[in-house]
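For reference, the structure is listed below as structure tokens.
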Amino acid sequence: MTKDTNEEININNSNEQILFLEPVFKERIWGGSHLRDEFNYNIPSDNTGECWGIAAHDNGSSIVKDGIYKGKTLKELFTEKPELFGNIDNDRFPLLVKVIYTKEDCSIQVHPDDEYAKANENGSLGKNECWYILDCEENAEIVLGHNAKTREELKEMIEGSKWDSFISKVPIKKGDFIQIDSGTVHTITGGLMVLETQQNSDVTYRVYDYDRLQNGKPRELHVKESIDVITVPEKDKSEIIKNFSNTAENEMVEMISNSHYTVWKLRVTDTMKVVQDKAFMNMSVVSGEGMVNNYPVKKGDHFLLPSKIAPVTLTGNMTIIASAI
Ligand code: ZN
């Protein structure tokens with residue numbers, strides 16, 4: 001679509017409440033250029049690792065790019081217009097949706113739960129996160145869990161840098177969906193494109209960073225905190241990874257629902273109606289293109305359906321990952 005026709009698009013009444021969002025980008029030592037090559041994003045450098053598509057965090061907030069709230073950040077709107085978000089009782093927007101591309105492995109890391117983060121990280125939220133694998137190489141693996149049987153053994157393995165015996169790897173493929181509870185050791189390995197839905201938190205404890213240097217120095221590790229928060233022994237992993245490649249068309253397919261979020265996959269191939277009865281609903285187009293009512297959207301676009309919006313019609317040929325609390 002050319003710039004001219006884009007400018008002619010009017011947001012009509014049914015669309016004026018939808019928050020179409022401009023993402024923010026984060027450079028990472030494990031990043032690359034795929035967020036531009038694959039998603040056409042205007043990234044700041046060839047070391048870009050994260051697109052924060054739906055974000056209202058102190059470290060980055062998406063900006064409304066169209067409609068009556070154009071120019072406002074999502075963070076501002078959450079405070080100024082709580083009715084758009086169902087007047088929920090949260091002191092901050094509860095979720096954060098990212099597209100992540102890793103050229104190299106991320107650090108081996110773990111996130112605290114709400115209780116630990118509140119006490120030790122200036123009242124921050126803890127972090128549960130989940131990944132929908134958009135793309136990966138054949139025979140790809142992620143780090144998920146660990147092999148220590150007791151906290152003592154955990155301490156010994158981490159402090160003794162026994163990484164080969166400590167970490168546990170599992171195979172993944174395109175269309176897999178993975179829930180990472182707080183306390184779970186994990187790494188998004190190199191060569192992955194992931195849509196991540198998570199609690200609105202930026203607290204990560206690095207267990208090990210492969211002895212890499214950033215600007216000549218190793219990145220900080222959080223050995224004590226990691227040993228504090230890692231779940232020992234690890235939880236049963238058999239139910240953590242589920243494949244959602246071939247889901248039903250033109251309906252909302254639930255991939256997970258827990259106390260922090262519900263996440264759905266929508267494969268739009270024709271027309272479908274979304275009755276938005278949650279406090280708000282996040283949507284990210286991860287492939288193809290189509291329309292939201294009469295507003296065109298394509299791969300890489302993120303938007304939010306606010307509270308009490310009239311049923312929304314999706315048409316076209318696209319896959320959307322949606323989330324709500
Ligand atoms: Zn993580």
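Both counts, for ligands and for their atoms, begin at 1 and track the order of listing. These figures come from a predicted structure and were not determined experimentally. Keep in mind that the numbers below use all heavy atoms, side chains included, and drop hydrogens, waters and symmetry copies.
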Check whether any N, O or S atom of [X], backbone or side chain, sits closer than 2.8 Å to the Zn ion (ligand 1).
| X | answer |
| --- | --- |
| Glu129 | yes |
| His186 | yes |
| Gln109 | yes |

Closest approach to the Zn ion (ligand 1) by His111, given as the N, O or S atom name:
NE2

Which class fits the ring pair Phe280 and Phe93: parallel under 30°, tilted 30 to 60°, perpendicular over 60°?
tilted

Specify the closest pair of heavy atoms between Gly126 and Ala117, including all atoms of both residues, with the distance to one decimal.
N-CB, 3.6 Å

For Ile43 against Gly32, the heavy-atom pair lying closest together:
CD1-O, 4.1 Å

With a 6.0 Å cut-off on the ring centroids, do Tyr132 and Phe244 count as close?
no

